[in-house]
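What follows is a short report on a single structure.
This is a predicted model, so every value here is computed, not measured. FYI, side chains are in, hydrogens and waters are out, and symmetry mates aren't considered; it's all heavy atoms of this structure. Counting convention: from 1, in listed order, for ligands and their atoms alike.
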Amino acid sequence: MSGRLAVVGLGPGDPRYLTPEAEAALAGAQALYGYAPYLERVPARAGQNRHPSDNREEGARASAAPRHAAQGANVAVVSGGDPGVFAMAAAICEEIEAGPESFRALDVVFIPGITAMLAVAAKIGAPLGHDFCAISLSDNLKPWELVERRLDAAAGAGFAIALYNPVSRARPWQFASAMERLRRHLPSSTPVVLGRAVGRLDERTSVTTLDAANATDADMATLVIVGTRETRVIARPGRSPLVYTPRAAAEVSA
Ligand code: SAH
């Protein structure tokens, strides 16, 4: 008997950002797997089993969910934001590729969610209005030298850059080090947007510059957008500034 596995994006936190498709998948699941704080966002339903796990148990979660589904259950694995952006979808695909034949027989669906960079960008204007890329500053799954090479390449080619996982308790120095690296390529006045806990009660969005951005500005719940040479800040009387990257790019930044 082969079950169903839905890999579901919950969006950044506000229930208004949960898509109807995600809501339906959560309502229909017999078992839910996910990082405990994400599971707490899903309303309790009678008869539904919950399997909360720790943030560092991504691998265990990624193998337990398809095993459960392969027994014939309708299982949902949840991620914050979009499951395909530094989250569970790739971990599940790795399990399916490496796992038993029964995993390949599963009915698997990936249900998109609003990822943090899009939620933060929408709070402040259009900082990702032209070409952009996303880089995770976590060096848990890749060496820091590779992060540095990607920062050099992205800034050198004129991309706006969304930085996920800027710092954590175990990784206190990465954000400051990334800012230092980017200052080699970009003017010190380059706008930097910091969006914290967007879509939640304690959300906060602010604008600074590459020169002024430092480690204390960001925590685990912060998404950072570093603009390009073209990115502009529009000051508005009595309102927060708008930050945008124009649709036309004039020059190569390097
Ligand atoms: N799958 C998630 C990203 C997981 S990586 C997504 O698509 O959004 C975790 C990182 O995402 C955090 O360190 C932070 O940089 C960012 N993030 C997640 N939720 C956020 C939120 N509500 N506000 C700001 N940043 C957030």
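Pocket lining of ligand 1, defined as residues with a non-hydrogen atom under 4.0 Å away: P12, G80, G81, D82, V85, F86, A87, T115, A116, Y164, N165, P166, G195, A197, V198, R200, M220, A221, T222, L223.
In the displayed structure, R149 atom CZ is contacted under 6.0 Å by at most 12 heavy atoms of other residues, nucleotides or ligands.
When side chains are defined from C-beta on, R61 does not count as touching H51, because their heavy atoms never get closer than 4.5 Å.
The side-chain contact (heavy atoms from CB on, under 4.5 Å) test applied to C93 returns F110, not counting sequence neighbours.
Ionic pairing of R183 and E180 is present here: one or more N-O contacts between side-chain nitrogen and carboxylate oxygen are shorter than 4.0 angstrom.
Through direct or relayed side-chain contacts under 4.5 Å between Ile, Leu, Val, Met, Phe, Trp and Tyr, L201 connects to no other residue.
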Solution key, residues 11-32 side-chain donor-acceptor pairs under 3.5 Å, sequence neighbours excluded:
from : atom 1 : to  : atom 2 : distance (Å)
D14  : OD1    : R16 : N      : 2.8
D14  : OD1    : R16 : NE     : 3.4
D14  : OD2    : R16 : NE     : 3.2
D14  : OD2    : R16 : NH2    : 2.9
T19  : OG1    : A22 : N      : 3.0
Q30  : OE1    : N74 : N      : 2.6

